[in-house]
Amino acid sequence: MTAPPPPRLLLVLLLAVLLGAVAAHGRRLLTFDGLQRSADPTALRLPSQSEGQQPPPRAAAEQGCEMTYGFLPCTETAAGNLFLAVAYGFLMFKSATYLSAGSELLLEILGPGIVGGLFLPILGALPDALLILVSGLSGSKEVAQSQVLIGMGLLAGSTVMLLTILWGSCVVVGKCDLSEDSTTLDSQDTKAFSLFGSGVSTDLQTSYAARIMAISVLPFIVVQIPSILKLQSGHWLTLMLGLIVSVLLLLTYCLYQICQPWIQRRKLEYSRLKHVMSGLLKHAQMHTFGRLIDDDGSPNVPVIEKLFHKIDLDNDGRIERGELQAFIVGINFEDIDLDSNLAADQVMADFDRSQNNLIEKGEFIDGVLRWLEEAKRAVVASGVYSKKFMEDFHTTTRDEHTALLDKDEDDGESIENPTWTCCKAIALLLLGTAMAAAFADPLVDAVHNFSSATSIPSFFISFIAMPLATNSSEAVSAIIFASRKKQRTLSLTFSEVYGGVTMNNTLCLAVFLALVYIRGLTWDFSSEVLVIFLVCIIMGLFTSFRTTFPLWTCFVAFLLYPLSLILVYILDYKFGWS
C-alpha cells in the first residue's frame, strides 16, 4: 500500500495554491496604517517605476518598498534584491521539478501519445512561459515596456544556454574514443581530452530534431521583416503573423511528437536498465548485505563488495554474463515482464568498461556508485537513506518502465493503485503550476529592482541568471544521461535539448508576441532576436547534417555564449539598436 503524501508536501501545496489564488485576483497592496487596500495594478511597483516620477524625499522615506501580494518581503537595496531573486529563483526551480515529476506520473495513467507529445512538452516550458507573461502583464504601458526586456532576456538566455553551455557540457561528459571511421566506441574513454580522437555520436533521428529546431526560428524572421526591409509601417501586422506562425509551428511539432513518439520509445530501453539496477540495489539492501548508503548519504563500499562476491559464484574475482543473469533471475521481477537475457546484456554493457565481457570488481563498484547517485537524484527522500529509499527508487523505475511501453508491447497489467497515482500526479502538477504562477511575478520584480539598484541592464541579468532557475533540472538530467557514454543515451540527451529550444521558439515566443501585441508595446528587440537566430541557425546547421561530434566541437558551442552577450552589448550600446 502506498503511504499518504507527507504533511510537508500538503503544506507547500496549500500555500502555493493560496498564492496562486491571490495572484489570480490581482496584486493588492496592504498598508497597515489604517488597513487601507489598493487594487491599482501598478501599486506594487516602486513609485518611480509606476508613475515615471520621483516622489518627494519625505514621502519616499515613509513609504519605502511595497510588498508583493501584501505580505512577501521587499527591499530597496541591491544585496536584498539579489537575495530575493535567488530565493524566488529557487522556488521557480522547485516548481519546474514538481511539474516534471507530475508529468511522468501522468504518463502512467494516460500512456504515451497525446500526453507525451502534447501535454508534457507544454508543461516543461510552462515556467519560462509564465515568467515571460508576467514580465509585461502588470503596471502601466511604460513599466511593462521596461520590464518586458526581462522576458526577452529569459527567452534568449534559455535558448542560448541550452545550445551552448549545456550542449558543450554533454559533449565533454559523454565523450568516448573515436574509431578510424569516426564512430564512437561506447563506454571506452582512453584518449583523455584528445580534441580529434574523442567525441560523441548520435543517431540519424537526432539530426531530424536539430532540423526541426532550426525551422522553428521562422517566427523570429517574420516579426523582423519591417526592420530588415526598413519599413515604416506594418509592425503590428508582422507581430500578428509571427504569433500565428509560432502557434502553427507549436501545433505541428506536438502533432509530430504524437504521431512519431520515437523519443519516448528511446527512453524505454534506458528505463528498463534503471529498473533492473533498482531491483538489484533493493535486493542487496533487503537481504542482510547491509545498507548501501549510510545516514549521511555516503555510499557503503564494503556492502557493495559483499554484493559483488554474492554474484561471483565461482569466486574468481570477475562476474561473467551467466552469473549476472542467474542473479537477475533470482531477484524475480514480479511487477513487470522482464527478459532476463536482455537485462543481463544491458547491465553487462553498462558496467563492462574494459569491453572484455567480464565485470571486474572495480567496474562493479564504479557502476553501483553511479546508480546510487542516480537513485538519490530520482527519489525525493527525507534525508534518511533506508530500505524505504530503495523501495521508492524501485517503484519509480517500475512506473517509468510501465509508462514508456508502447501499446502493442503492453502486457495488459494494470497499474497498482491508479487512483492514488492520478491524485498524486494532479497534486504535483497543481503544486508546480501554482508555485510558478505565484512566484514568477515576485522574481521579475526582484530582478527589475536589482537592475535599477545596480544600473546593470535587466536583459543581461535575466539572460544569465533566470535560465538557471527554470532549466537546471533538465540540465542536470541531460548531463547524467550523457555521462552514460552510450550513443543511445546521448541521442536522447541531444534530442531533448533540441526539443527544449523548439518549445522556446514556439510556445514561449507565442506568449511573448501575444503580450507585446495585446499591451501595445513597441517591438524593439532586433539585437536579441539576431542572437537567438544566429545561435539556432549555427548550431542547427552544425548538428543537422552530421552525427559525430569530436571534442573540439564543444569549444564552438562554449564560445557562442559569451559572443552572444558581446554582440547584444555592441549592437545596443555602441550602434544604438535598442
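Side-chain atoms are counted along with the backbone in the values below, which use heavy atoms only and exclude waters and symmetry mates.
Listed by chain and residue number, Phe193, Leu551, Cys554, Phe558 satisfy the side-chain contact (heavy atoms from CB on, under 4.5 Å) test with Val172 (two or more places apart in sequence, or in another chain). Evaluation of the side-chain contact (heavy atoms from CB on, under 4.5 Å) rule for Ser458 yields Leu149, Ile150, Ser451 as partners, not counting sequence neighbours. With sequence neighbours excluded, the residues that form a side-chain hydrogen bond (donor to acceptor under 3.5 Å, both in side chains) with Thr470 are Asp128. Taking Thr547 as the reference, nothing meets the side-chain hydrogen bond (donor to acceptor under 3.5 Å, both in side chains) condition, with sequence neighbours excluded. Listed by chain and number, the residues in a ring pair (Phe, Tyr, Trp, His ring centres under 6.0 Å) with Phe83 amount to none (sequence neighbours excluded). Annotation: ring pair (Phe, Tyr, Trp, His ring centres under 6.0 Å) contacts of Phe463 (sequence neighbours excluded): Phe459, Tyr561. Judged as a side-chain hydrogen bond (donor to acceptor under 3.5 Å, both in side chains), and not counting sequence neighbours, the contacts of Tyr498 are Trp167. Evaluation of the side-chain contact (heavy atoms from CB on, under 4.5 Å) rule for Phe555 yields Leu195 as partners, not counting sequence neighbours. Checked against side-chain contact (heavy atoms from CB on, under 4.5 Å), Ile518 has no partners two or more places apart in sequence or in another chain. Residues that satisfy the side-chain hydrogen bond (donor to acceptor under 3.5 Å, both in side chains) test with Thr77, not counting sequence neighbours, are Thr75.
At a threshold of 4.5 Å between non-hydrogen side-chain atoms, the residues Leu251 and Cys254 do not count as touching. Looking only at side-chain heavy atoms (C-beta outward), Val148 and Phe512 come within less than 4.5 Å of each other. At a threshold of 4.5 Å between non-hydrogen side-chain atoms, the residues Asp572 and Glu528 count as touching. Inter-residue side-chain proximity for Met161 and Ile464 is flagged as unmet; no heavy-atom pair is nearer than 4.5 Å. Using a 4.5 Å cut-off on side-chain heavy atoms (C-beta onward), Leu154 and Pro467 make contact. Taking the side chain as every heavy atom from C-beta outward, Ser135 and Met152 never approach each other to under 4.5 Å. Proximity of Leu99 to Met435: side-chain heavy atoms (C-beta onward) are nowhere separated by under 4.5 Å. Two residues are said to be in side-chain contact when any heavy atoms from C-beta on lie closer than 4.5 Å; Leu163 and Leu560 fail this criterion.
Among all heavy-atom pairs drawn from Ala437 and Leu130, the shortest one is N-CD1, 3.8 Å. The minimum heavy-atom distance between Pro550 and Val171, with the atom names listed, is O-CG1, 4.2 Å. Nearest heavy atoms, Ala144 versus Arg519: CB-NH1, 3.8 Å.
Within the structure, side chain to side chain donor-acceptor pair (under 3.5 Å) pairs that include any residue of residues 218-232 comprise Gln224-Trp523, Gln224-Ser526 (at least two apart or interchain).
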Let's go through Thr202 and Phe549 carefully: what are the C-alpha distance in whole Å and the side-chain angles of both, what is the deciding distance for side chain to side chain contact (heavy atoms under 4.5 Å, CB included) to 0.1 Å, and is it a yes or a no? CA-CA 9 Å; Thr202 62; Phe549 305 96; 4.2 Å; yes

Pair Tyr88-Val444, side chain to side chain contact (heavy atoms under 4.5 Å, CB included): steps then yes or no: CA-CA 9 Å; Tyr88 293 136; Val444 171; over 6 Å; no

What verdict does the side chain to side chain contact (heavy atoms under 4.5 Å, CB included) test give for Leu166 and Ile479, after you've listed the backbone C-alpha separation in whole Å, the side-chain angles of each residue and the deciding distance to 0.1 Å? CA-CA 8 Å; Leu166 181 56; Ile479 291 175; 4.0 Å; yes

Give every donor-acceptor pair under 3.5 Å between a side-chain atom in residues 532-539 and any protein atom, sequence neighbours left out.
none

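Enclosure of atom CZ in Phe460 by more than 12 non-hydrogen atoms of other residues, nucleotides or ligands within 6.0 angstrom is indicated. Residue-environment remark: OH (Tyr517) stays at or below the threshold of 12 foreign heavy atoms within 6.0 Å.
Among Thr506, Thr252, Asn505, Asn504, the one residue that satisfies the side-chain hydrogen bond (donor to acceptor under 3.5 Å, both in side chains) test with Ser216 is Asn505.
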